[in-house]
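Have a look at the structure below before the remarks.
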Amino acid sequence: LPLDFFDTFKIKIRSFLHDKFETLLIPLLLQHYVEANKVVYNSLNVEPILTDHDLLNFVGIKQYNYNLLTNLCDDLDKNFKDIILDGIINGKSVDEIANELEVAGISPLNKHTAQQRAKMIARTEVNSVKNKARLQAFMDNNVKWVDIITMGDTRVCTDCRNLEAN
């Protein structure tokens, strides 16, 4: 393989992910943000609006999610390099390497499978966007107190459990 093969591969992956981020992910993030914003405004019986604070908040959300995506790209890049080099070193066939590349992606973590981890990441990030929108809407309407209500299951983090208790 030419030395620039991996660099070219990485550039193509980054370009693909950037395009998908701009065309697919940003509209979905914005949709979740606006929906959560409306829920708060409706609960306050106030006409929903997006303020300058919301726009700044969303810029932060967009940058955070873009960083997650580029970190994923770096992980995939390293994983793909390892698979390809391992295949070459161990004399694997093109089909064997291709099959390994096809299943490569987010790796399992602790007791979670790759699919469970992907769902966990997606759920966490969607809820993060919605929570930021809700908090901003409350602040924009000078709400000083809110009740925190969790699902009450084992997925609730210690911080959220403590907030709900107070």
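All values reported here derive from a predicted model rather than from experimental measurement.
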Counting neighbours of CZ on Phe138 that are heavy atoms of other residues, nucleotides or ligands and sit closer than 6.0 Å, is the number greater than 12? yes
Quick one: CZ on Arg134 to CE on Met139, what's the gap to the nearest 0.5 Å? 14.0 Å
Considering residues, nucleotides and ligands other than Lys62, do more than 12 of their heavy atoms fall under 6.0 Å from its NZ? no
Salt bridge (Lys or Arg N to Asp or Glu O under 4.0 Å) filter on Asp52, not counting sequence neighbours, yields none
In terms of hydrophobic clusters joined by side-chain contacts under 4.5 Å, are Val146 and Leu163 together? yes
In terms of hydrophobic clustering (I, L, V, M, F, W, Y; side-chain heavy atoms under 4.5 Å; direct or indirect links), are Leu56 and Ile61 co-clustered? no
So do the side chains of Asp153 and Val156 get within less than 4.5 Å of each other, counting heavy atoms only? yes
Could you tell me whether the side chain of Asn57 reaches within less than 4.5 Å of the side chain of Tyr33, counting heavy atoms only? yes
With sequence neighbours excluded, residues passing side-chain contact (heavy atoms from CB on, under 4.5 Å) with Thr154: none
How long is the gap from OG1 on Thr150 to CZ on Arg161, to the nearest 0.5 Å? 7.5 Å
Applying side chain to side chain donor-acceptor pair (under 3.5 Å) to Asn65 and not counting sequence neighbours gives none
Could you pull out all residues at least two apart from Asp147 that satisfy side-chain contact (heavy atoms from CB on, under 4.5 Å)? Trp145
Taking the side chain as everything from C-beta on, heavy atoms only, tell me whether Tyr41 gets closer than 4.5 Å to Leu50. no
Would you say the side chain of Asp54 lies within less than 4.5 Å of the side chain of Asp140, judging by non-hydrogen atoms? yes
CG of Leu24 to CG of Leu28, rounded to nearest 0.5 Å, is 7.0 Å
Out of curiosity, Leu44 CG to Asn142 CG, how far, rounded to the nearest 0.5 Å? 10.5 Å
Name all residues meeting the side-chain contact (heavy atoms from CB on, under 4.5 Å) criterion together with Leu135; count only those two or more places apart in sequence or in a different chain, and write none if there are none. none
Value rounded to 0.5 Å, distance of CD in Glu35 from CG in Leu30: 10.0 Å
Which atom pair, heavy atoms only, marks the closest approach of Lys38 to Pro48? CG-CB, 3.9 Å
Which residues pass the side-chain contact (heavy atoms from CB on, under 4.5 Å) test with Tyr66, not counting sequence neighbours? His18, Phe21, Gln63, Thr70
When rounded to the nearest 0.5 angstrom, what distance separates NZ in Lys132 from NE2 in His32? 14.5 Å
